[in-house]
Asks: 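My questions will all concern the structure given below.
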Amino acid sequence: MKLKAVQIQGYRAHEDTTVTLENGLTVVVGRNNTGKTSFVEIIDKFIGNNTNNRLRAADFSAKQTETLIESLSSKENENLTRDALPTIKLKLKIEYSLEQDKPEALAAITRYITTLDIRCRNLVIECTYKPTDPEQACTTLNNLKKDSDEITFDTVIKTIDRHCNYKATYSAYSTLDNEEENRERQENQPIFEDAANNASRDLNIEQVKRIIATEYIYAQIDLDDTSTDSRHNLSNAFENFYKEISEDEAIRQNLDAAVENMQADLTSAYSTFFKDALKSIETITRNTHAGGLNLTVGSELKTGRMINSTTRVRYRDNTTEQVYPESHNGLGYSRLTYTILQILAFKEKRSRRNYDTPINLLLIEEPEAHLHPQMQEVFIRLVDRILNSDSQLIITTHSSHILSERKLESLRYFKRSGYRIECKDISLWAKNDLALKEKAYNTISNYLQLRISDLFFADCAILIEGAAERILLPKAITMCAEDLNSSHYTIIEVGGAYAQHFIPLLDFIEIPSLIITDIDSVNPGNSNSAIQTKRGENQTTANSTLKNILGKVKVDDLLDLNDDEKTVNEHIRICFQSENDAYLLSDGTRLYARTLEDAVIYANTTTFFNLESKDHFEEKRIKSLLKKSETEEGIAVGAYAETRKDSFEKTTFAIDCTLLDTLTMPDYISAGLRWLSSKTQTPTVTAASDE
């Protein structure tokens with residue numbers, strides 16, 4: 001029995017978001033402000049144990065609040081109806097099997113199954129935040145409309161919180177999947193089916209918790225590594241862990257025995273220490289009407305109380321063997337220790353409670369906080385091994401290091417579209433879009449280890465062939481598309497042949513992407529050997545991405561493409577050497593660029609020729625070319641031959657170029673970067689007035 005999907009409706013930016021879950025670990029990723037924390041919080045608010053974390057009117061989605069305010073502000077005399085009242089819904093879809101699940105697990109949900117159809121294998125728990133008396137809530141808000149000249153957000157929110165009596169309610173119902181519909185669904189989000197027979201049954205929060213146990217570890221943990229730390233929060237974590245294991249009879253008896261021995265010793269010591277004081281009290285009060293006070297002082301110790309007040313964490317330096325207090329430990333290790341303790345406590349709580357919950361959900365927000373990259377990778381590799389097999393783990397993260405350690409199927413990508421949050425289920429894409437593209441799937445899975453995981457946190461992506469492009473790109477961006485420096489762009493080296501395999505993923509997550517590659521002209525009449533690019537000679541391209549994505553093999557056809565024809569779709573574009581990157585000789589001949597290096601040289605012959613020192617270039621082939629060339633044309637004419645030689649060092653040449661203040665970027669790169677910049681710009685948002 002597992003929690004298979006979560007649907008959120010009307011909560012903050014989650015106007016209607018569906019998230020499927022893996023049986024083990026699900027990793028929720030996305031850029032900042034895409035609702036990852038809200039996803040965790042709404043589950044906590046509805047079925048968590050933190051009574052202080054409650055739903056409020058401010059949690060309603062922007063669309064609902066905006067619609068309500070517009071209705072109340074309308075000059076028409078129509079009153080609100082109950083359908084206009086904002087609500088928040090959380091649906092939890094549980095998948096079970098009558099054949100495979102244990103009887104005790106099925107017993108927890110049997111009373112809530114609303115159909116006798118044995119094909120049914122889904123139970124939905126629906127949590128709703130709504131007014132207990134909708135008619136009264138409508139009347140209250142209608143009165144607000146009559147009594148106020150101006151309806152504001154704050155006024156409406158305060159009125160709902162104070163006077164509309166919103167509460168969380170719970171119900172459960174059975175659903176039947178449509179198998180044919182599921183097969184045709186492809187990459188679309190799974191649907192939460194209507195209740196079978198339109199029947200549902202009410203639950204209370206305690207009954208829900210007997211089905212689903214939850215624990216939350218938030219990113220903001222009150223830990224300190226200063227010597228003034230007086231809260232001892234790490235020690236408190238150990239105290240809380242004791243509470244979870246205190247039902248262990250053997251452990252408790254050992255602790256109780258130790259405390260009892262200590263209590264006897266303290267009582268004996270107190271008798272001696274306070275002997276004179278107690279005797280004086282008895283003497284002074286001897287003549288009172290009640291007689292002298294005959295007092296004794298003893299020790300009354302309780303194991304739990306002692307642990308709560310005396311537990312202190314120490315750590316030993318492995319080099320010096322010196323023992324230090326917890327405040328001397330670094331935040332990274334403190335955070336790691338705290339998180340592990342919380343996970344172990346969840347596990348112990350699960351195994352020692354008086355009843356078994358069939359679904360056990362642990363949610364961890366941004367576990368990477370204060371952990372260095374290597375520790376992040378170790379943590380995510382090990383954390384799911386700690387839990388029992390009947391537990392599910394959800395992690396939200398901004399860390400590409402954590403993401404790089406997970407399989408594609410475990411990823412859920414949150415993407416903001418206006419007011420709404422959309423969840424891109426990478427598992428559905430992996431199973432459907434790549435079913436016949438095993439090489440593409442394996443390529444992306446392998447590259448995930450090489451930090452393509454940055455894709456899921458970036459505003460845009462630039463896919464390049466190799467190190468030379470990577471070295472030149474920062475300078476190119478500053479020169480040609482400065483606005484990109486205000487965005488989070490990620491650069492991924494994919495070679496010339498493999499960029500095509502990334503396009504399905506880029507298209508699925510809808511991230512603006514620029515693919516920078518080479519035209520790579522070859523001579524089909526000479527075993528497809530590399531040849532300097534020319535028109536009218538029946539040359540073809542060796543570049544797989546250009547052939548398979550743009551559908552063009554002939555070099556002439558590729559050179560004829562305009563910018564729009566190089567755009568795969570609205571958010572992916574391919575750029576390569578074009579007509580504008582050719583060098584025009586004095587006799588009218590055009591030298592076409594085949595690769596990045598000759599394109600850079602063609603764009604900078606004047607700059608290179610006018611260098612005060614030809615020794616600026618550390619790259620020996622280019623240094624030699626500049627010294628022997630008597631004209632700018634001479635540099636252009638010799639460029640292809642020099643850059644094709646085995647001794648030519650591409651990365652050295654790229655570094656040499658970045659050190660030139662007057663460098664000009666090839667047109668295909670500058671045009672591509674400007675296009676990408678236009679895709680990452682968002683409309684200016686005017687701040688709301690304080691009034």
Asks: Counting the benzene-type ring for Trp, do Tyr668 and Phe576 have ring centres under 6.0 Å apart?
Replies: no

Asks: Is any side-chain N of the basic residue among Lys424 and Glu510 closer than 4.0 Å to the acidic one's carboxylate O?
Replies: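 Judged by the 4.0 Å cut-off on N to carboxylate O distance, Lys424 and Glu510 do form a salt bridge.
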
Asks: Ion pair present between Asp459 and Arg31, side-chain N to carboxylate O less than 4.0 angstrom?
Replies: yes

Asks: Do Thr567 and Asp564 pair up side chain to side chain, a donor and an acceptor below 3.5 Å, judged on atom types alone?
Replies: no

Asks: Who passes salt bridge (charged side-chain N to carboxylate O under 4.0 Å, His left out) against Arg590, sequence neighbours left out?
Replies: Glu579

Asks: Taking the ring of Phe617 and the ring of Phe608, is the distance between their centroids below 6.0 Å?
Replies: yes

Asks: Under 3.5 Å, is there a donor-acceptor pair between the side chain of Arg412 and the main chain of Glu409?
Replies: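 Looks like yes, one N/O pair under 3.5 Å.
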
Asks: Report the residues that fulfil side chain to side chain donor-acceptor pair (under 3.5 Å) with Asn33, sequence neighbours left out, ordered by chain and then residue number.
Replies: none

Asks: Sequence neighbours left out, what passes ring-ring contact (aromatic ring centres under 6.0 Å, His included) with Tyr602? Give chain and number order.
Replies: none

Asks: Kindly state each residue pair satisfying salt bridge (charged side-chain N to carboxylate O under 4.0 Å, His left out) with at least one member in residues 462-485, sequence neighbours excluded.
Replies: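 Sorted result for residues 462-485: Arg470-Glu493.
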
Asks: Tyr489: which residues meet the ring-ring contact (aromatic ring centres under 6.0 Å, His included) condition with it, sequence neighbours left out?
Replies: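 With sequence neighbours excluded, Tyr489 shows a ring-ring contact (aromatic ring centres under 6.0 Å, His included) to no residue whatsoever.
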
Asks: I'd like a table of donor-acceptor pairs (distance under 3.5 Å, sequence neighbours excluded) in which one partner is a side-chain atom from residues 654-664, with atom names and distances.
Replies:
residue, atom, partner, partner atom, Å
Asp656, OD1, Glu618, N, 3.3
Asp656, OD2, Glu618, N, 2.9
Asp656, OD2, Glu619, N, 3.0
Thr658, OG1, Ile655, O, 2.7

Asks: Taking side chain to side chain donor-acceptor pair (under 3.5 Å) as the test, write out the residues that go with Asp646, two or more places apart.
Replies: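 Partners of Asp646 by the side chain to side chain donor-acceptor pair (under 3.5 Å) criterion come out as none, since no residue qualifies.
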
Asks: For Ser61, which residues count as a side-chain contact (heavy atoms from CB on, under 4.5 Å) partner, sequence neighbours excluded?
Replies: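 By the side-chain contact (heavy atoms from CB on, under 4.5 Å) rule, Ser61 matches Glu15, Lys63, Gln64.
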
Asks: Applying side-chain contact (heavy atoms from CB on, under 4.5 Å) to Ser513 and Arg573, what does each step give before you reach the verdict?
Replies: CA-CA 6 Å; Ser513 304; Arg573 178 170 169 175; over 6 Å; no

Asks: Could you work out, with side chain to side chain donor-acceptor pair (under 3.5 Å) as the rule, every residue matching Asn528, not counting sequence neighbours?
Replies: none

Asks: Just by distance, with hydrogens left out, do Ser578 and Asn580 show a side-chain donor and acceptor under 3.5 Å apart?
Replies: no

Asks: Kindly indicate whether the side chain of Asp560, heavy atoms from C-beta on, has any atom under 4.5 Å from the side chain of Arg535.
Replies: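 In short, these two side chains touch, coming nearer than 4.5 Å.
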
Asks: So Ile531 and Gln539, side-chain contact (heavy atoms from CB on, under 4.5 Å) or not? Walk me through it.
Replies: CA-CA 8 Å; Ile531 190 172; Gln539 294 180 353; 3.5 Å; yes

Asks: With no hydrogens and no angle check, is any side-chain donor or acceptor of Asp518 less than 3.5 Å from a backbone partner on Leu596?
Replies: yes

Asks: Cut-off 3.5 Å, side chains only: do His398 and Lys36 have a donor facing an acceptor?
Replies: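 There is such a pair (donor and acceptor under 3.5 Å, judged by atom type) between the side chains of His398 and Lys36.
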
Asks: Going by salt bridge (charged side-chain N to carboxylate O under 4.0 Å, His left out), name the residues that satisfy it together with Asp615, two or more places apart in sequence or in a different chain.
Replies: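 Only Lys627 meet the salt bridge (charged side-chain N to carboxylate O under 4.0 Å, His left out) criterion with Asp615.
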
Asks: Under the rule for ring-ring contact (aromatic ring centres under 6.0 Å, His included), what residues qualify as partners of Phe414, not counting sequence neighbours?
Replies: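 So Phe414 forms a ring-ring contact (aromatic ring centres under 6.0 Å, His included) with His14, Phe39.
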
Asks: With sequence neighbours left out, write down each residue that passes side chain to side chain donor-acceptor pair (under 3.5 Å) with Asp557, or none if nothing qualifies.
Replies: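 Scan of Asp557 (side chain to side chain donor-acceptor pair (under 3.5 Å), adjacent residues dropped) gives none.
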
